[in-house]
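One structure is given here, and the rest of the page talks about it.
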Number of protein chains: 2
Amino acid sequence: MHSWFNNPACLINYCSPEWVEIIQQRSITHLYPKGQYVFMEGSLVMGAYFILKGKVKVISSDQTGKEQTVRLANEEHMLGHTAIGLEKYSVGAITLEDSIICFIENNILYEAFMANPKFTFEVMLFYSRELRKSELRTKCLALMNNEEKVILGLLYIADTYNQEKTKNQVEIILSRQEIAQIIGTNADQVSRVLSSLKKDYLIETRERTIVIKNINHLRSMLNKYPFATGC
Amino acid sequence: MHSWFNNPACLINYCSPEWVEIIQQRSITHLYPKGQYVFMEGSLVMGAYFILKGKVKVISSDQTGKEQTVRLANEEHMLGHTAIGLEKYSVGAITLEDSIICFIENNILYEAFMANPKFTFEVMLFYSRELRKSELRTKCLALMNNEEKVILGLLYIADTYNQEKTKNQVEIILSRQEIAQIIGTNADQVSRVLSSLKKDYLIETRERTIVIKNINHLRSMLNKYPFATGC
DNA sequence: CGTGCTTTTGAATAGTATCAAGGCCGGTGG
DNA sequence: CCACCGGCCTTGATACTATTCAAAAGCACG
């Protein structure tokens with residue numbers, strides 16, 4: 001198996017070696033600086049994006065401009081894919097740090113799908129995982145109170161963006177408002193809950209960086225919701 | 001293209017005629033009476049289900065037994081698919097009316113995927129649509145107040161289960177509690193909102209059947225959320 | 001004609017969102 | 001070097017919304 005731009009987790013690696021070659025030649029890879037749009041809500045769908053390196057948030061805004069983050073994406077993800085078969089993107093994507101992202105046009109992607117059943121199958125599995133996560137998230141947000149939501153959000157961020165999954169201590173660099181948009185509340189509420197967690201010595205805040213001291217203890221605070229694992 | 005058990009919308013029809021034949025021979029089709037489990041949360045994953053006829057709700061319950069409906073499924077849907085690659089179902093499925101459902105074992109399904117790229121592709125598109133809908137739902141439920149959520153729920157039910165999409169009047173047979181579980185609140189709140197809508201002559205209730213008199217007017221009440229269409 | 005379930009509605013309670021003021025920090029320019 | 005500015009964070013007070021509980025009415029069923 002080829003390793004696409006040194007990212008073995010990239011789904012494109014499920015294509016045959018010849019097709020990996022074809023896609024490498026016929027795709028466009030860009031460096032997107034932190035905070036930049038990869039694609040915007042409402043713009044025309046031309047293809048799909050594969051994250052080779054970096055972190056991205058998938059957002060959706062209402063008329064008043066209020067943003068809701070519907071998903072966090074890392075190196076194992078593809079983007080813009082929920083729009084396949086649609087004319088316009090129903091969501092937008094913004095980088096959370098400098099990211100290298102590969103763009104593939106729809107017709108090339110379609111040819112690759114038809115020629116590589118395993119690739120298509122793995123993309124389908126990726127979808128199914130994301131759908132399950134999304135459904136569980138919907139359920140969690142419906143049942144939880146604010147404190148529980150914030151904890152869920154911290155765990156979600158840590159799970160998506162923490163390299164060393166076994167560590168009990170994790171740093172989070174998102175702002176209060178970005179966290180609020182993930183869990184569907186506002187920055188004030190997040191701040192309150194974080195203050196409360198600080199009093200219990202479960203987290204520390206150092207210059208806007210949130211340090212989770214004991215991630216396992218946070219997890220145990222949600223064990224009323226056994227399904228929350230993997231949201 | 002073959003028509004699988006007189007359901008042209010069934011995704012299996014994207015397989016080659018030979019494979020439709022193979023699947024028909026090697027799958028199991030059952031009639032599930034109303035209110036019966038198709039599969040239960042936590043049970044072992046053996047394969048996937050295709051709805052040939054009927055309506056199903058996909059649910060997920062917490063420790064206290066409180067149920068949350070994560071998705072409504074009709075004749076165009078497959079079920080149990082979000083569990084592909086997992087050991088146990090993260091959700092359960094219950095019929096909302098008498099339904100004919102076809103079960104296909106994992107290994108046969110996998111063979112079919114490898115042999116029929118178009119089938120795999122269409123299943124992938126199905127996933128992508130459901131994921132987009134799920135993400136939009138998450139966003140809606142995060143931003144809306146109770147009245148708006150109830151309206152969204154009514155429209156969601158109407159869109160999923162109403163045959164004649166062009167009609168302005170739709171009947172809904174679900175109970176208050178079932179509606180509440182779809183939008184993440186309780187039966188009391190649904191009842192309040194329905195009473196309020198009745199006062200405005202937007203709906204009628206006849207023996208527990210909710211009759212939407214003017215679905216377009218209900219839609220317009222959510223046009224603060226343009227993305228709500230297709231939740 | 002009861003019995004049990006769902007629906008409806010009011011009142012009390014709990015929880016959440018909003019607003020506003022002040023603090024902290026980094027960056028900019030005098 | 002210091003004063004100022006703007007952004008983000010924190011926290012209290014307040015208003016609002018949603019949840020819960022309870023009671024009564026309506027309907028379905030045997």
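Everything numeric in this text was worked out from a predicted model, so none of it was measured. Labels below follow one simple rule: chain letters A, B, ... track the order of the sequence lines, proteins then strands, and each chain is numbered from 1.
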Can you tell me how far [atom2] of [N] sits from [atom1] of [X], to the nearest Å?
| X | N | atom1 | atom2 | result |
| --- | --- | --- | --- | --- |
| A/Leu143 | D/dT19 | CG | C1' | 14 Å |
| A/Ile210 | D/dC9 | CD1 | C1' | 11 Å |
| A/Glu148 | C/dA14 | CD | P | 17 Å |
| B/Asn145 | D/dT19 | CG | P | 11 Å |
| A/Leu197 | D/dT10 | CG | P | 12 Å |
| A/Ile172 | D/dC8 | CD1 | P | 19 Å |
| A/Ile183 | C/dT16 | CD1 | C1' | 12 Å |
| A/Lys149 | D/dA18 | NZ | C1' | 12 Å |

query: Counting just side-chain N and O atoms, does B/Asn186 come under 4.0 Å of either OP1 or OP2 of D/dC21?
result: no
query: According to a strict under-4.0 Å criterion, is A/Thr185 in side-chain N/O contact with OP1 or OP2 of C/dA17?
result: yes
field: Criterion side-chain contact (heavy atoms from CB on, under 4.5 Å) against A/Leu174, the qualifying member of A/Ile182, A/Thr69, A/Ile210, A/Thr209
entry: A/Ile182
query: Does A/Glu178 offer a backbone N or O that forms a donor-acceptor pair with the side chain of A/Gln181 under 3.5 Å?
result: no
query: Does A/Ser134 reach the main-chain N or O of A/Leu131 with its side chain, forming a donor-acceptor pair under 3.5 Å?
result: no
Pull out every protein N or O sitting under 3.5 Å from an N or O of nucleotides 4-10 of chain C, one pair per line with the distance.
residue: C/dT7; atom: OP1; partner: B/Arg176; partner atom: N; Å: 3.1
residue: C/dT7; atom: OP2; partner: B/Arg176; partner atom: N; Å: 3.4
residue: C/dT8; atom: OP2; partner: B/Arg176; partner atom: NE; Å: 2.7
residue: C/dT8; atom: OP2; partner: B/Ser191; partner atom: OG; Å: 2.8
residue: C/dT8; atom: O5'; partner: B/Ser191; partner atom: OG; Å: 3.2
residue: C/dT9; atom: OP2; partner: B/Ser195; partner atom: OG; Å: 2.4
residue: C/dG10; atom: N7; partner: B/Arg192; partner atom: NH1; Å: 3.4
residue: C/dG10; atom: O6; partner: B/Arg192; partner atom: NH2; Å: 2.8

message: Assess whether a salt bridge exists between B/Glu135 and B/Arg132, defined as any Lys/Arg side-chain N lying under 4.0 Å from an Asp/Glu carboxylate O.
response: no
- request: Using ring-ring contact (aromatic ring centres under 6.0 Å, His included) as the criterion, point out the one residue from A/Phe50, A/Tyr49, A/Phe126 that pairs with A/His77.
  value: A/Phe126
Heavy-atom check, side chain of B/Phe39 versus side chain of B/Met46, under 4.5 Å: no
